[in-house]
> 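Dropping the structure in here first, questions after.
No hydrogens, no waters, no symmetry mates; every other heavy atom, side chains included, goes into these values. So you know, we letter chains A, B, ... as the sequences are listed, proteins then strands, and number each from 1.
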Amino acid sequence: MHESSRRHKLEQIAALGVDPWGGRFDGRQWIGDLRARAGEVCYRLETGAEVPLPDMQAEGFDFRAWKSQQGAGEMVGPKVRAAGRIMLQRPTGKLVFLNLRDWTGDIQIFVGKKQVGEAGFALAGLFDLGDIIGVDGQLAFTNTGELTIFAEQLHFLCKSLAPPPEKHHGLTDPELRQRMRYLDLVYTDGVLERFLQRTKIVHAIRATLDAQQFVEVEGPTLHAIAGGAAARPFVTHHNALDIDLYLRIALELHLKRLMVGGMERVYELGRVYRNEGISPRHNPEFTMLEVYQAFGNYETMMDLTEQMILAAIDALGGEYRRPWGKATVDFTPPFARRTYDELLAEHAGVAPDDPAGLARVAEELGMPTAGKHPDVVKNFVFEERVEARLTGPVFVTDYPASICPLTKRRPGHPQIAERFELFIQGMEVANAYTELNDPDLQEQLFRTQLEGLPEEDSMARMDTDFVRALRHGMPPAGGLGVGIDRLVMLLTNAQSIREVILFPLLRPTE
RNA sequence: GAGGAUGUAGCUCAGGCGGUAGAGCAACGGACUUUUAAUCCGUAGGUCGCGGGUUCGAAUCCCGCCAUCCUCACCA
């Protein structure tokens, strides 16, 4: 019914000889750039003298009074061309005010019958909210001091057949916002801005890596063995080969093969898939960055992590202290560096070298400890008692070696893994290792992990091809993984991962 | 997967002691040449998430299902 009136207008537009679906429209300027040209507008008196305009936004300023003070004259401003979506319409007889929006901002359009002519005004009468139009006209101010394009010619660029959301409240239903992200982007404040910020963050990270001669590659997303992390994979099937394949759960093992192949500094920034639950911090597909640097170690990666995050903050405007919900996160470098055991003692109230005490705490927290490796128990306590309290940013170092099968041990301290995780607001944002490059130890760790441990406790699946690659020699290296979505959440003050993923997974309807 | 909340017009929301549905915005008709969520007059618009039950009668009570959100679990 609403649509039928829009369809009727579409036919009327076509009857005027105007293509309701528009076409190429060259030479227009972005509205944000037009707003920046407000200073070019001036007031020309009948004497020909041009008077610069005062600050229209000043408190209590009355533009009408100012003009009558100056004497008779007219507003003069640059000729401009804009295009965008109609957000609001205020028809007042032979005059219509429109608010036009493009992806840089909003601006008011003045459409007067006298200025655009009968045909132009007839066209304007067929506009609906949501239509996309182009405007040629003069940039100037209205009597109320609003920067406005006084239209001289209107161009119809696209009919909107579906009515837009309510003009004041927009879309508020979170389900609709995600299902109809295209509307959310147009009609919910800050949404488009946040996704553009996401792009800036990703770009800053790439720029930081590229500047240090890292090369970006694209590994396979279809894996015969879903390795490199502890997670349940999605299973798919290749018909011609008649084999099951897994969507990748990590980028790691293929990037390391490339290190064997001589790619000394390599990274991939891409999607990984984990067949796990959905929550405000988890989406089944998410974006991961993994970086490997030959002849570095986990400390090299710590410095790099900090550099990338600071570069991203720089790209967003450089405030180190950033709001995140009710909290403030202070990214002022250097980020704190604390050991796993220190934090365990501090937050869990248990001596890190007291397996019986740790088991007691774990049992209290509801974990059956019988038959579990002491370090699995310890890590459970860490995850339950410590992680949520790490407001950070804090690099946690010196993890128990036995829960880190892909990590090199500290020389002289075989029980300590050369690893860090970066925690911010209780979220694990980055994870890095001094990478294990001893193929025999790697194979043995795969096996011990697989033996006697239920699958969900296993940190790795045997990958004999990967072990064979290691036998050919992988340089000692630092490796890093960064959860891009979570980093974007923290830097753009988003409380849910669904606010930083354009199309988060939803159950299909109908 | 478990618990809680929500689902009423295109959108934002009222109503709900069981008696057959309401506002604002959007739409349609009309007035208005400097409006700012324009204003004013008028009109139209709904299987009240889906299915079943109780009842003379259900949007309202009961049961089941679906979807979303929140919390928890798995995980990053």
> Applying side chain to side chain contact (heavy atoms under 4.5 Å, CB included), can you list everything that pairs with A:Ala477, at least two apart in sequence or on another chain?
A:Met259

> Partners of A:Glu421 by salt bridge (Lys or Arg N to Asp or Glu O under 4.0 Å), sequence neighbours excluded?
A:Arg419

> Under the ring pair (Phe, Tyr, Trp, His ring centres under 6.0 Å) rule, collect the residues that match up with A:Tyr298, sequence neighbours excluded.
none

> Checking A:Asn143 now: which residues fulfil side-chain hydrogen bond (donor to acceptor under 3.5 Å, both in side chains) with it, not counting sequence neighbours?
A:Lys67

> Please list, by residue number, the residues of residues 425-432 of chain A whose heavy atoms come closer than 4.0 Å to an atom of RNA chain B; answer none if no residue qualifies.
A:Glu428

> Which residues in residues 492-505 of chain A have at least one heavy atom lying under 4.0 Å from any atom of RNA chain B?
A:Ile497, A:Arg498

> Mind checking ring pair (Phe, Tyr, Trp, His ring centres under 6.0 Å) for A:Phe110 and listing every partner two or more places apart, or none if nothing turns up?
A:Phe97, A:Phe150

> By nearest nucleotide on RNA chain B, pick out whichever of A:Lys9 and A:Leu176 is the more 5' one.
A:Leu176

> When you compare the side chains of A:Arg90 and A:Gln108, does any donor N or O come within less than 3.5 Å of an acceptor on the partner?
yes

> Hey, could you give me each pair passing salt bridge (Lys or Arg N to Asp or Glu O under 4.0 Å) that has a residue in residues 109-125 of chain A? Not counting sequence neighbours.
A:Lys113-A:Glu118

> Using the ring pair (Phe, Tyr, Trp, His ring centres under 6.0 Å) criterion, which residues pair with A:Tyr273? Sequence neighbours excluded.
none

> Go through the structure and list residues passing salt bridge (Lys or Arg N to Asp or Glu O under 4.0 Å) with A:Lys79, not counting sequence neighbours.
A:Glu152

> Between the protein and nucleotides 38-40 of chain B, are there any N/O to N/O pairs under 3.5 Å, and if so, what are the atom names and distances?
unit_1: B:rA38; atom_1: OP1; unit_2: A:Lys167; atom_2: NZ; d: 2.6
unit_1: B:rA38; atom_1: OP2; unit_2: A:Arg90; atom_2: NH1; d: 2.9
unit_1: B:rA38; atom_1: N7; unit_2: A:Pro91; atom_2: O; d: 3.2
unit_1: B:rA38; atom_1: N6; unit_2: A:Pro91; atom_2: O; d: 2.8

> Using only modelled atom types and a 3.5 angstrom limit, is any donor from either the side chain of A:Glu146 or the base of B:rU34 paired with an acceptor on the other?
no

> With sequence neighbours left out, write down each residue that passes ring pair (Phe, Tyr, Trp, His ring centres under 6.0 Å) with A:Phe382, or none if nothing qualifies.
A:Tyr340

